[in-house]
2 protein chains.
Amino acid sequence: MPRTEDFDREIVLAKARDLFWQKGYNGTSMRNLVEVTGLNRSSIYNSFGNKKAIYKTLLIQYQEENEKIYTNALVRASNPLEGIRFVFENFIEEIVKDSQGRGCFSINCKVELSREDESIRDYLEKMQEHRIEFFKGLVQEGQDAHLINAKQSASQYAYFLFCTFQGMRTTGMFLRNRDILLQIVHNGLGVLRRDS
Amino acid sequence: MPRTEDFDREIVLAKARDLFWQKGYNGTSMRNLVEVTGLNRSSIYNSFGNKKAIYKTLLIQYQEENEKIYTNALVRASNPLEGIRFVFENFIEEIVKDSQGRGCFSINCKVELSREDESIRDYLEKMQEHRIEFFKGLVQEGQDAHLINAKQSASQYAYFLFCTFQGMRTTGMFLRNRDILLQIVHNGLGVLRRDS
DNA sequence: TCTTTTATGAAACAAACATTCCAATTATAT
DNA sequence: ATATAATTGGAATGTTTGTTTCATAAAAGA
């Protein structure tokens, strides 16, 4: 019975995401959103809620897509250590492709909003812990298989890997040379290598 | 002859910096600035310029203070490798002290404004290169003294160190456990250690 | 003390902001 | 074809935005 939405949700959300990504949350106005999506104000509010709600939708969507990048990298890998390397190499490609230096959507969100918006901080804090757990699992597997040394706990190595990841994403806003980034990863992963 | 300013510049700037640090550039209004400094709007404009000008003043001031943290760490060090460690340990203390998770003022600036403000991007890009050069110099000295291995160029190690630094600052917004951070640094610096 | 020069206070500015309202429209299911 | 229920367009909401204006106050040198 009802009238249906007159636009492609996916396309609209992608345009909104690119806009927020470029200008940040506070730098983006509803007017900008109207212009870039081609939707009317009412349609936006009706279909996606207010500005914060749209942004949160996009943040969650971004995290879920990133989750896939993480897990897809593992499918191709023949062991946990290689899996970790593939994950990092995937993100290097993200950085190299990002010719405008927009960085990581969720790090941008963390930096801009986590201090002032408790719900966003809680969400991102959980995601950070989740990512660290992800690395921890891989390191643990690698240690069990004697591919990764056991000088430090899997947990501690996971912190180190996550830190390297966020560092590359942030540094990568101004530094998008693939070879340099690959060497950084090589150095980071060298820490895990088994004793020879 | 003229009437003099009725306030302490340093105190006013410190208050403005804390405000921008907490709320970000776009999250801060002139009204907020008036409230927190206790100055009148006209006094702010008259003495410090417009919003962007104030922010840029604070950014430059922040960078200069950070520069001192870098160089002061070296004074106490007996060799370049120890110098690098001291620099990182100093920043760990900054992170641990930062109980509200405000992060690094200049990384916050980079993430929020570098895409939209060309002059800020240029400035921060130069600063990033400057910091990398700083590390490069230390690594080179360390390699010359055979305290740091020569598996990779000083320049490449400098990128790695800078990346670790930015990673710790970003990760540290949610992770302020000194021991974990010290281990991260230990792992990072382990990459440089001479071959045994 | 008087003049000069600057800082200050309060009000005013237009523009931009996020959000809401309601009438008009339109797609679907009966 | 018609009734239903949601989407849409456009105007209007009242705040808040950054910045300017100008008259007043006050400090310092003569």
Side-chain angles (χ1 to χ4, degrees), chain A residues 1-59 108-109 112-113 115-120, chain B residues 1-60 108-109 112-120:
Chain A
M1 290 184 179
R3 179 177 175 186
T4 51
E5 281 170 351
D6 210 22
F7 53 86
D8 185 323
R9 265 189 103 83
E10 234 178 286
I11 293 175
V12 167
L13 284 173
K15 283 177 176 168
R17 184 203 55 202
D18 287 345
L19 182 63
F20 277 124
W21 208 337
Q22 175 62 31
K23 297 167 77 79
Y25 177 79
N26 285 314
T28 300
S29 67
M30 287 305 294
R31 180 195 243 266
N32 296 148
L33 242 15
V34 166
E35 286 162 1
V36 98
T37 61
L39 296 195
N40 188 276
R41 286 170 125 76
S42 338
S43 298
I44 295 179
Y45 276 92
N46 191 48
S47 300
F48 302 101
N50 66 17
K51 191 182 169 191
K52 214 25 138 1
I54 302 167
Y55 188 81
K56 284 183 181 178
T57 301
L58 295 169
L59 175 62
N108 296 1
C109 173
E112 190 185 3
L113 299 179
R115 282 153 293 166
E116 290 286 288
D117 187 311
E118 197 180 347
S119 77
I120 285 188
Chain B
M1 290 185 178
R3 178 176 175 185
T4 52
E5 281 170 350
D6 209 22
F7 54 86
D8 185 322
R9 264 187 104 83
E10 234 178 286
I11 293 174
V12 166
L13 284 173
K15 283 178 176 168
R17 185 203 54 202
D18 287 345
L19 182 64
F20 277 124
W21 209 336
Q22 175 63 32
K23 298 166 78 78
Y25 178 78
N26 285 314
T28 300
S29 68
M30 288 305 292
R31 180 198 245 263
N32 296 147
L33 242 16
V34 167
E35 285 163 1
V36 97
T37 60
L39 295 196
N40 189 276
R41 285 170 124 78
S42 340
S43 298
I44 295 179
Y45 275 92
N46 191 47
S47 300
F48 303 101
N50 67 15
K51 192 182 167 191
K52 219 15 140 10
I54 301 167
Y55 187 81
K56 284 184 181 176
T57 302
L58 295 170
L59 175 62
I60 292 168
N108 295 1
C109 174
E112 191 185 359
L113 299 179
S114 72
R115 281 153 293 165
E116 291 285 288
D117 187 313
E118 197 179 348
S119 78
I120 284 189

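By convention in this document, chain letters (A, B, ...) are assigned in the order of the sequence lines, proteins followed by strands, and residues within each chain are numbered from 1.
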Interatomic spacing from [atom1] in [X] to [atom2] in [Y] - rounded to 0.5 Å:
X	Y	atom1	atom2	answer
A:Ile120	A:Leu113	CD1	CG	4.5 Å
A:Leu33	A:Ile54	CG	CD1	5.0 Å
A:Leu59	A:Phe20	CG	CZ	11.0 Å

Taken in chain and number order and not counting sequence neighbours, the residues that satisfy side-chain hydrogen bond (donor to acceptor under 3.5 Å, both in side chains) with A:Asp6 are none

Here the residues of residues 9-29 of chain A within 4.0 Å heavy-atom distance, strictly under, of DNA chain D are none

Any protein N or O atoms within reach of nucleotides 21-25 of chain D? Criterion: under 3.5 Å, listing atom names and distances.
residue : atom : partner : partner atom : Å
D:dA25  : N3   : B:Arg3  : NH1          : 3.3

Residues pairing under salt bridge (Lys or Arg N to Asp or Glu O under 4.0 Å) where one sits in residues 31-43 of chain B, two or more places apart or in two chains, turn out to be B:Arg31-B:Glu35

When the rotation axes relating C1' atoms of four end pairs to the next four are compared across the helix from C:dA14-D:dT17 to C:dT30-D:dA1, five pairs an end, they differ to 10° by 30°

Inset, instruction - Run the numbers on A:Lys15 and A:Ile11 for side chain to side chain contact (heavy atoms under 4.5 Å, CB included), then give the verdict. - result: CA-CA 6 Å; A:Lys15 283 177 176 168; A:Ile11 293 175; 4.1 Å; yes

Which pairs would a plain distance check flag for residues 46-53 of chain A, meaning a side-chain donor or acceptor within less than 3.5 Å of a matching protein atom at least two apart in sequence or in another chain?
residue : atom : partner  : partner atom : Å
A:Ser47 : OG   : A:Glu5   : OE2          : 3.1
A:Ser47 : OG   : A:Ser43  : O            : 3.1
A:Asn50 : OD1  : A:Lys52  : N            : 3.3
A:Asn50 : OD1  : A:Ala53  : N            : 3.0
A:Lys51 : NZ   : A:Tyr25  : O            : 3.2
A:Lys51 : NZ   : A:Thr28  : O            : 2.7
A:Lys52 : NZ   : A:Asp117 : OD2          : 2.7

Notebook entry, point to check: Are any of B:Asn46's side-chain N or O atoms less than 4.0 Å away from OP1 or OP2 of C:dA7?
Noted result: yes

| query | Has B:Ser43 got a side-chain N or O lying under 4.0 Å from the OP1 or OP2 atom of C:dT8? | reply | yes

* To do: Determine, stepwise, if the pair B:Glu112 / B:Asn108 fulfils side chain to side chain contact (heavy atoms under 4.5 Å, CB included).
  => CA-CA 6 Å; B:Glu112 191 185 359; B:Asn108 295 1; over 6 Å; no

For the pair made of [atom1] in [X] and [atom2] in [N], what is the distance, rounded to whole Å?
X	N	atom1	atom2	answer
A:Tyr45	C:dC17	OH	P	12 Å
A:Glu5	C:dT28	CD	P	12 Å
A:Ile44	C:dT20	CD1	C1'	14 Å
A:Ile54	C:dA18	CD1	C1'	11 Å

Result for 5'-nearest mapping on DNA chain D, choosing between B:Asn50 and B:Thr4, is B:Asn50

Residue list, side chain to side chain contact (heavy atoms under 4.5 Å, CB included) with [X], at least two apart or on another chain:
X	answer
B:Thr37	B:Val12, B:Leu39, B:Ile44
B:Gln22	A:Arg115, A:Glu116, B:Gln100, B:Arg102
B:Glu10	B:Asp8

Hits for salt bridge (charged side-chain N to carboxylate O under 4.0 Å, His left out) against B:Lys56, two or more places apart or cross-chain, chain-then-number order -> none

Exercise. Check the pair A:Tyr55 / A:Cys109 against side chain to side chain contact (heavy atoms under 4.5 Å, CB included), numbers first and verdict last.
Key: CA-CA 9 Å; A:Tyr55 188 81; A:Cys109 173; 3.2 Å; yes

In numerical order, the residues of residues 30-41 of chain A whose heavy atoms come under 4.0 Å of DNA chain C are A:Met30, A:Arg31, A:Arg41

